[in-house]
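These numbers come from the heavy atoms of this one structure, side chains and all, not from hydrogens, waters or symmetry mates. Order of the sequence lines fixes the chain letters, A, B, ..., with proteins taken first and strands second; residue numbering starts at 1 for each chain.
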Amino acid sequence: MNLKIIVKRLFFLVLVIWAASTIVFFVPRLSSRNAIRERFGELSRTGGFSPADLEKLIASMQQQFGLDKPLLEQYVQYLNQIIHLDFGYSLYKYPSTVTELIAQALPWTIGLLLVTTVLSFIIGTLLGAVSAWPRAPQWMRTFATPFILLTGVPPVIMAILLVFFVGFRLKWLPLGSAYSVGVVPNWSWGFFFDLMSHQILPALSLILGSVGGWVLSMRGMGITIQGEDYVNFAEHKGLTGGRIFRDYYLRNAMLPQVTGLALALGTVVTSAIIVEGLFGLPGIGSLLNLAIRSNDFPTIYGVVLFITIAVAVLMTALEFIYPLLDPRIREN
Amino acid sequence: MTTITLPTEETAMEQPSRLVLAWRYLRRNKGLAVGFFILLLLTLFTLIGLLVINPKHAYPLSAALKQPPSWKYPMGTDFFGRNLLAAMVVGMWQTALIGLLAGGIGTFIGVVLGFTSAYFGGKIDSTIRIICQILTPIPVLLIQVVIAGSLDKRDVTIFTMALIVVLLAWMGPTLVIRAQVLTMKERQFVAVAKLSGMSDFGIIFKEILPNLLPFIAAAFVGQVFAAVFASFYLAVLGLGPLREPLLGNIIWAAQSQGAFFNGWWWWPLEPAFAMILILGSLALINMGLDELANPRVRKTE
C-alpha cells in the first residue's frame with residue numbers, strides 16, 4: 001500500500017466526517033423545535049419563574065450557545081469545534097460538557113463492544129467455515145448450520161428473549177442495570193463478579209444477535225472457495241485437511257470477511273448502543289436514551305456525531321489491515 | 001400395415017404452465033418458499049385481524065390494565081390498557097406500511113439514480129457514485145435519530161417515519177443497480193439493440209429493465225427489511241410515533257415501565273416474536289431472491 005492510497009483514504013475519511021457533521025448541523029436548524037426553549041420551558045413549569053425571566057434566560061442561553069450569530073459563522077465555528085472534539089454543553093446536566101459525559105460512558109461501551117464483536121466475528125467465521133467444509137465431521141456441520149437462523153434475530157430482540165428466558169424464567173442472571181441495587185462500587189472480587197454477572201446477558205445478546213450474519217457470509221464464501229483450483233491442487237498434493245482448512249480455506253476468506261466487518265461496523269455499534277440502553281448499563285446507549293427522554297439535544301447530536309466519527313475512523317483503520325491479509329494489495 | 005400417427009406437436013412439446021414452473025422452483029429454493037409462507041401467515045393474521053378486531057382497542061384506556069393472556073384477552077393487555085391482540089394487528093399493519101412505503105420509495109430512487117449513473121456515465125456517474133460512497137459509511141440509524149429527534153413530537157407519524165427511514169437508505173440499491181446496469185450495458189443484446197437504432201429509452205425500458213427485474217425485486221425486499229429494521233430501532237429508542245402501537249413502540253413502552261421487573265412478561269415478548277417472524281421471513285426471501293438473481297451463486301452442493 002503506497003503513500004498515495006493512504007492519503008486518498010484519509011482524505012475520504014475527512015470527507016465522511018465533514019458530511020456527517022454537516023447533516024447533524026443543518027437538520028436541527030431546519031426544524032421548528034427550539035431545544036433551549038423546550039428545556040427551560042420545562043424547568044419554568046416545575047421551578048416557577050416568571051415568563052419574562054424565562055425569555056431573558058432563553059435569550060442569554062441562545063447567546064451562550066452562539067445561536068444568535070449568522071448561520072455561516074455558526075457553521076464555521078461548529079466545524080472548528082468538531083475538529084477539537086468539542087460538542088458543547090449538555091442541557092440536562094449543565095454545566096457538564098457533552099465530551100465529558102461521553103468520556104465517562106465510553107469505557108463501558110468499548111469494553112462490551114470489543115469483547116462481543118471480536119467473539120461473534122471469530123465464532124461466526126469458524127462456524128460458517130465448518131458448516132460449508134465437506135470434510136468436517138457430520139456432527140460439527142449439523143451443529144454449525146442452524147446458527148444461520150439467528151440472522152433473523154437482531155441483538156435487540158435477542159436481548160428481550162434472553163432477559164425473558166434466562167433472567168425472568170430461570171432467574172439465573174439479573175434483568176438489567178450495571179450492578180445490584182444497594183451495592184456500592186468498590187475494588188473487591190465480590191463487586192467484580194456482581195458487575196460481570198450483569199454484563200453476561202447484554203454480551204450474550206450482542207454475540208448471539210450478530211453471529212448469524214458471520215456464519216452466513218463465511219458459509220457462502222466457503223462454498224465458492226471449495227470449487228477453486230488451488231484447493232483441488234492442495235488436496236492432490238496430499239496436504240492434510242487441517243492445513244488446507246487453515247491456509248487455503250480460511251486464509252482466502254479472511255479478506256472478504258474483514259471487509260464485511262468494516263461495512264457492518266455501523267450496525268454493530270448501533271445495536272450495542274440500543275442493547276445497552278435496554279439493559280440500563282451506564283454506557284453511551286444509556287446516555288443517548290436519557291438525552292432523548294430529556295430533550296437534551298446537544299447531547300443527542302454530540303453522541304451521534306462522536307459515534308459516527310469513531311465508526312468512520314475504525315473503518316479506515318480496518319482498511320489499512322487489508323495489505324496484511326492480501327499480499328496482492330501489499331505489492332501494488 | 002398400421003399407420004403410425006405422429007404425436008401432435010402439443011403433446012410432444014408440452015411446456016408446463018408458469019405456475020407449475022414457479023412451484024417447482026420454490027421446491028428447489030426452500031428458503032424462498034419458507035419465507036413466502038411465513039409472510040403469508042403474517043399477512044393473513046393482519047388482514048383477518050383488521051376485519052375482526054376493533055382498531056380502537058389498540059390504543060390506551062380501551063381495556064382492563066395489565067391482564068395476562070386469557071380467553072378474553074388472548075395476548076393480554078398492557079400497563080396503559082391496550083388490548084395487545086389489537087395492538088399487534090394494528091402494529092403489524094403499520095410496520096408493513098412503513099416497510100412497503102420506505103422500501104418502495106428507496107428502491108425507486110435507487111433504480112432511477114443507478115440507471116442514470118451507469119447508463120450515461122461521465123460526470124453524472126462520478127457525482128452520484130461519490131455521494132453514495134461518502135454517505136454509506138455513516139451509521140444511518142444515528143442520523144435518523146437526529147432527524148427524528150429534531151421533529152416535533154406531533155409531526156412524527158407512520159408516514160414521517162417512512163420518510164425519515166428512506167432519506168438515507170437509497171444508496172445501497174443505487175450502487176447495486178448501477179453495478180448491474182454497467183455489466184449489462186456491455187452485453188451483446190444491448191449492442192445489437194443499439195446498432196438496430198433503438199433509442200436510449202427504448203433500450204433502457206425494453207432491453208435492460210426486464211433483465212434487471214430479479215435484482216430490483218431483491219433490492220426491494222432488502223430495502224423493506226432495512227426500513228422495518230430501522231423504524232423498529234427508532235421506535236425502541238422512543239423516537240417513533242408514541243401513541244401508535246408500532247411494534248418497537250410497544251417494546252419501548254414495556255421497557256420504560258419495567259415490564260420484566262414487574263412480571264408483565266407477555267408485554268415485550270409478543271412484539272419481539274412478531275418482529276422475529278417479520279425479519280426472518282424477509283431475510284429468507286431476500287436470500288432466495290439473491291439466488292434467483294445470481295444463478296452463479298446457486299447452490300453447488
Side-chain angles (χ1 to χ4, degrees), chain A residues 12-13 15-16 18-20 23-24 27-33 132 134 149 151-154 156-157 160-161 163-164 167-169 175-176 216 220 223-224 226-227 262-263 265-267 269-271 273-274 277-278 288-289 291-293 295 297 300-301 303-305 307-308 311-312 315-316, chain B residues 31 38 130-131 133-153 155 168 229-230 232-233 236-239 248 251-252 254-256 258-261 263 265-266 268-269 271-273 275-284 287 290 296-297 299-301:
Chain A
F12 185 69
L13 174 67
L15 266 187
V16 170
W18 168 77
I23 297 175
V24 175
V27 165
R29 281 166 178 78
L30 290 175
S31 119
S32 55
R33 273 183 104 163
L149 291 179
T151 327
V153 191
V156 173
I157 297 175
I160 292 168
L161 297 184
V163 167
F164 175 68
F168 182 78
R169 268 283 142 96
L175 296 176
L216 190 69
I223 290 172
T224 346
Q226 271 163 41
L263 286 177
L265 266 183
T267 325
V269 175
T270 337
S271 300
I273 286 173
I274 298 179
L278 276 180
L288 185 65
N289 242 352
I292 290 173
R293 275 168 206 257
N295 287 331
F297 290 95
I300 301 179
Y301 304 144
V303 167
V304 165
L305 209 52
I307 298 168
T308 310
V311 168
M315 269 178 160
T316 316
Chain B
I38 300 176
I130 288 173
I131 291 177
Q133 280 174 344
I134 289 178
L135 289 180
T136 308
I138 299 176
V140 172
L141 187 103
L142 293 172
I143 302 297
Q144 286 162 349
V145 165
V146 170
I147 301 175
S150 303
L151 282 179
D152 200 315
K153 280 273 180 290
D155 290 341
L168 278 162
F229 198 77
F232 174 71
Y233 269 19
V236 168
L237 279 172
L239 288 169
I251 289 180
W252 174 78
Q255 198 60 29
S256 36
F260 280 120
F261 283 106
W265 51 269
W266 60 91
L269 213 56
F273 272 118
M275 216 55 208
I276 292 178
L277 289 180
I278 297 176
L279 292 179
S281 67
L282 286 176
L284 282 173
M287 279 186 257
D290 262 349
R296 274 179 215 153
V297 299
K299 285 194 192 90
T300 49
E301 293 166 294

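Residue contact with chain A, scored on non-hydrogen atoms closer than 4.5 Å, is absent for B/A283. Only the side chain of A/F12 comes within less than 4.5 Å of a heavy atom of chain B; its backbone N, CA, C and O stay farther away. Residue contact with chain A, scored on non-hydrogen atoms closer than 4.5 Å, involves the side chain of B/I251 exclusively. For a residue to count as touching a neighbouring chain, one of its non-hydrogen atoms must lie under 4.5 Å from one of that chain's; by this rule B/L239 touches chain A with the side chain only. With a 4.5 Å cut-off on non-hydrogen atoms, A/L216 touches chain B through its side chain but not through its backbone. Of the two parts of A/L15, the backbone and the side chain both hold a non-hydrogen atom closer than 4.5 Å to a non-hydrogen atom of chain B. B/L135 touches chain A through its side chain: at least one heavy atom from C-beta onward sits under 4.5 Å away, while N, CA, C and O do not. Both the backbone and the side chain of A/A20 have a heavy atom closer than 4.5 Å to some heavy atom of chain B. Interface remark: A/V156 contributes backbone and side-chain atoms alike to the contact with chain B (heavy atom separation under 4.5 Å).
The closest side-chain heavy-atom distance from B/S150 to A/Y301 is below 4.5 Å. Residues A/V16 and A/M315 are not in side-chain contact: their nearest non-hydrogen atoms beyond the backbone lie 4.5 Å or more apart.
Contact count against chain A (heavy-atom pairs under 4.5 Å) is highest for B/S256 among B/S281, B/G238, B/S256. Among A/L161, A/I23, A/I300, the residue making the largest number of heavy-atom pairs under 4.5 Å with chain B is A/L161. Contact tally against chain A (heavy-atom pairs below 4.5 Å) for B/L284, B/V146, B/I143: the top residue is B/V146. Per-residue heavy-atom pair counts under 4.5 Å with chain A were compared for B/I147, B/L269, B/I278, and the maximum is reached by B/L269. Most heavy-atom pairs under 4.5 Å with chain A: of the set B/I276, B/V140, B/V145, B/L279, this distinction falls to B/I276.
Interatomic distance, CZ of A/F297 versus CD1 of A/I292, reported as 9.5 Å (0.5 Å rounding). In this structure, A/L288 CG and A/I273 CD1 are separated by 6.5 Å, a value rounded to the nearest 0.5 Å. For the atom pair CZ (B/F232) and CH2 (B/W252), the distance works out to 14.0 Å, reported to the nearest 0.5 Å.
Defined by atom type and a distance below 3.5 Å, a donor-acceptor pair is missing between the side-chain atoms of B/Y233 and A/T267.
The minimum heavy-atom distance between A/T308 and B/P139, with the atom names listed, is CG2-CD, 3.7 Å. Considering all non-hydrogen atoms of both residues, B/A272 and A/I160 come closest at CB-CG2, 4.0 Å.
Shown are B/L142, B/I138, B/L141; of these, the side-chain contact (heavy atoms from CB on, under 4.5 Å) with A/V304 is made only by B/L142.
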